[in-house]
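Only this structure's heavy atoms are used, side chains among them; waters, hydrogens and symmetry mates stay out. Letters A, B, ... mirror the listed sequences (proteins, then strands); counts begin at 1.
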Amino acid sequence: MESKHIIMAPLDPVHDVGVRMIARALEEGGHQVTLLPPDSTPEDVVKKALAGPVDAILVGRTIGYGVGEILARLADMLEAAGLRPRVQLAIGGMAVKPELAAELGYDAGFGPGTRPADVLAFIEGRASVQEGTGTRHKVKTNSTPKYDYRIPDRRLESLLETITDQVLQWTRDRTSPGIERARVREEMIATPSARAGGGGDLRRRYAEYCGGAAADFYAAGTLPPGVRPMSPTDLEVLEVYCEESRRRPSVGKLQHLEGQPAVFVQYGTGCPAMDVAHIKASEAWGADGVIHFDPTWSARTEGLHEGYLTQEETGTLYTPEIIRLIKRSLDPGTLWTLRAHRGLNTPEIVVLAGLLGADMVKINITYGALSGGTDPARLTADGAEAIRYAAKYNLPFDIPVGHELSGVPTAKTFAGMLILAALGLKLGARPILNPLFCYSPNVILEGRMDRNYVDYNAARILALRRSIHAPIRAGEPVAFMTHTEDRAQSAVTTSLHAGLAMSLGVDAVAIASTDEAYSGGAISVASRIDTLKGVREAFRFFGDAGVRTTDRAEEWAEDIFRGTLQVLERVAARGDFVEALYDGLLGDSSEGAHPGKAGKNTVTRIAGSGSASSSPSQ
Amino acid sequence: MILGIAGTSKNTGKTTATLALLGEATRRGLTPGITSVGYDGEELDNITGLPKPRIHCTEGTLVATARKCLETGTAGVDVLEELPILTALGRVVLGRIRKPGLVVLAGPGLGEGVRRVAGRMEALGCDLAIVDGALNRVVPMAEAGGVVMATGAARDIDAGAVAAEAGFIAAILGLGTPAKPPEVEAPGSLLDEEDGLSTGALVQESRSRGGPTSILMPGAVGEKGLEAFSRSLSRPAGEPPVRIGATAKPAITVVFPNPMVLLAAGNVHGVGRSLREIRLAGVQVAYLRPVPLRAFTVNPVYPAGRGGREPYQYAQVDPDELKLRVAEAVQGPVIDVVRDGSEKLYDICVGGGRSLDGR
């Protein structure tokens with residue numbers, strides 16, 4: 001890049017700090033900057049420009065009534081002096097907008113949020129400035145290659161080895177309608193005629209493995225109450241919206257320093273169009289990733305993944321059409337996670353994610369079986385198969401432990417999470433630990449957050465670090481249960497939790513909107529922006545400094561680690577992971593965990609390998 | 001024909017005059033074209049936050065604006081071509097209104113771009129290209145075949161001050177072409193005192209030794225530079241003052257590229273006074289390319305308040321007094337567009353009305 005000569009002029013009496021900051025960045029970029037003193041006049045600027053080589057003039061000025069005329073006169077004098085259009089002219093200031101720059105006859109206007117790099121880009125003619133201001137091109141980050149998944153504690157390693165062997169042994173000769181549907185789905189996506197809604201044979205085969213509302217849909221075309229196909233107008237309008245979003249790329253950044261956590265938000269309003277709007281707003285305000293939430297009833301329904309469906313309840317359905325639609329709307333740099341972990345469609349959702357371009361999935365057998373409503377045997381069979389698909393499609397999977405929100409102690413949820421992580425490693429997948437980072441019932445009961453929210457959350461992370469060298473995404477979302485109806489309070493608590501997670505060096509956090517717990521329906525985009533902006537401030541505030549814990553954090557980390565080992569010892573001793581789930585070894589009814597019933601008695605032995613059903617009759 | 005609508009400041013009524021002319025041209029069955037040297041047609045002012053006149057265009061009107069602005073308006077526009085003109089809002093396109101509605105204009109910010117836009121509009125059958133001004137910008141209007149100057153209470157709520165300034169503007173715009181083309185070019189500009197004195201010394205020297213009598217002043221002009229230049233031309237001791245317009249001995253003329261260069265030099269009162277001094281010193285002032293002043297328009301409405309905590313709001317001065325005082329000062333047509341109507345404005349500015357300088 002050729003070095004440019006730039007004149008910078010603060011036309012204000014005193015306000016030249018911004019001008020000096022930009023000047024420094026331009027000099028570091030290899031350009032030659034002449035900085036005029038504050039309170040320079042248009043004549044001073046023109047005189048200087050006539051005196052030597054000049055390629056660009058940048059002026060800074062607070063905008064008020066009568067100021068526009070001074071700035072316009074500078075544009076006039078530069079033109080009269082024959083310096084324009086050879087010399088670029090731009091203005092910066094707190095009230096400056098591109099429209100004002102256009103009105104004044106300037107080439108660009110830099111308002112609040114401008115980074116020195118934006119001005120540098122303008123000077124170097126790299127990008128259209130107005131489209132680039134405050135934005136960036138995101139690059140997806142995959143944190144898993146940084147980790148070797150080493151398990152430093154021999155005892156822990158050996159217990160996990162034993163238990164995962166039990167799981168693999170148990171699942172080896174078993175199948176389920178969910179596993180069969182996933183296989184048909186792979187074929188359907190690979191077969192273009194099936195994709196277009198044809199592919200009669202495949203569709204018939206698929207329907208054989210469906211049940212409940214999905215069976216009705218395939219037999220009679222009926223949809224469950226509250227679900228309807230999106231109209232052609234819906235889709236047309238959404239397509240225009242997506243197209244416009246693409247033409248006006250605006251992707252913000254939350255991290256102040258390299259290495260600060262990636263930030264994920266959740267969506268799933270039930271309406272794909274509204275989801276797209278939420279995704280685009282989240283991207284614009286800096287979210288690095290989005291997590292798709294599906295409806296609870298759908299997780300308990302065998303099948304029903306077809307068409308452009310919209311529904312009244314929370315959670316957006318997974319269909320190839322909807323997934324493709326959302327994929328088209330995403331910024332190429334946005335990480336995209338599909339929640340697959342807890343229902344009867346777990347393997348099939350991972351297939352959809354793998355074949356239709358998602359970046360990650362969520363899978364956890366223990367959570368889904370103890371608090372997600374799915375039969376433990378069924379989810380063990382389906383979960384292992386889902387992890388195989390995650391490995392096949394190269395999708396890292398994270399392991400959420402939402403059952404801790406039902407009251408299951410951390411040691412039990414962590415034991416389940418580590419079993420899944422070890423199972424994933426054994427099957428060639430790359431797990432991500434996904435601990436709670438919030439005020440959960442067990443913590444409330446034990447009084448471990450009475451004095452602060454810091455120590456126990458830190459203890460969770462420290463305990464996991466002691467267990468396995470693996471990536472961690474804190475959530476889900478951080479600060480859950482500390483929100484109130486007060487949006488300012490909710491934004492602050494989210495930001496502080498994110499700041500703490502950052503200080504602990506986690507790879508990612510998931511955050512909620514400020515009205516997520518209290519919206520009484522779909523959340524608003526404005527409240528989503530609250531927490532994104534709050535988190536950006538927290539990252540800026542803490543930077544590379546940290547949050548100090550008390551000694552309790554280490555003590556509790558030790559407690560959690562030892563407790564986890566004890567839980568795993570009992571599971572290993574039980575000799576059967578599935579039975580251990582039914583027995584409550586990983587969370588029992590006194591702790592709010594209840595083995596799910598959906599999909600009960602649907603696991604079958606593969607032909608020639610013994611009894612028809614493997615679900616224990618409890 | 002290109003008609004420029006310039007103003008002495010924001011909120012003096014440029015867009016109101018533009019809309020009146022646009023509507024009248026359409027009513028008379030002509031094809032008008034419109035662009036702006038700044039940004040026009042927005043709902044709220046970029047500085048005061050007050051509502052602004054929106055620009056409504058009828059079918060067939062040609063518009064030149066940044067492509068991005070087409071999305072903001074309600075008019076249906078067929079884009080005919082993209083022009084090599086960049087604004088802070090992106091590249092300028094030329095289009096024809098298909099479906100009547102509002103347009104937002106962000107057009108060429110430089111005279112070169114105005115010339116290009118008007119040239120393309122003419123080639124597409126445009127009868128009258130109207131160039132809406134921005135704030136007090138005048139230099140891009142040097143390309144116009146005539147200019148309407150908008151002034152009013154937004155410039156100053158004292159009608160006397162508005163009128164005095166208008167008088168100087170009319171005087172500056174009223175000068176014509178030189179009797180003979182420039183023979184030499186003055187080196188440098190006339191920005192500050194140093195420039196003014198050195199250029200003045202050169203002219204004095206040329207005068208005393210019988211050098212060239214027509215000198216081009218090619219660069220930018222500042223109020224202080226012009227003032228110093230006028231001082232340095234002071235008549236030799238003992239000689240009587242020269243009657244303005246009379247031929248001095250030896251006759252000498254300084255030629256500026258256009259009157260807009262002088263209007264942009266700073267406070268018009270100061271510029272006007274210096275021009276008067278220059279001419280009293282026996283030096284003629286002329287332009288390579290004069291821009292005929294078609295009329296003044298006056299707007300009694302202004303944004304009251306000066307920002308900060310209190311929002312601006314519109315207020316009004318006595319419209320009769322304003323118009324009368326300005327008319328006395330400029331000795332030519334003065335129109336209150338809202339009260340006098342667009343037909344009168346059009347007749348005077350386009351339809352064969354006499355321009356102030358008689359051309």
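When Ala75(A), Ala90(A), Gly82(A) are compared by the number of non-hydrogen pairs under 4.5 Å with chain B, Ala75(A) comes out ahead. Among Val104(B), Asp195(B), Asn258(B), Leu263(B), the residue with the largest count of heavy-atom pairs under 4.5 Å with chain A is Asp195(B).
Side-chain N or O atoms of Ser329(A) include none that pairs as donor or acceptor with a backbone N or O of Cys242(A) at under 3.5 Å.
A salt bridge links Arg73(A) with Glu43(A): at least one charged nitrogen is closer than 4.0 Å to a carboxylate oxygen. For the pair Arg231(B) and Glu193(B), the salt-bridge criterion is met [side-chain N within less than 4.0 Å of a carboxylate O]. The pair Lys280(A)-Glu283(A) meets the salt-bridge criterion, with a side-chain N (NZ, NE, NH1 or NH2) lying under 4.0 Å from an Asp/Glu carboxylate O. A salt bridge between Lys14(B) and Asp132(B) is absent, with no side-chain N of the basic residue lying under 4.0 Å from a carboxylate O of the acidic one.
In this structure, the portions of Val138(B) lying under 4.5 Å from any heavy atom of chain A include both its backbone and its side chain. Contacts of Pro218(B) with chain A are made by backbone atoms alone, with heavy-atom separations under 4.5 Å and no side-chain atom involved. If you measure heavy-atom distances from Ala265(B) to chain A, the contacts under 4.5 Å come from the backbone alone.
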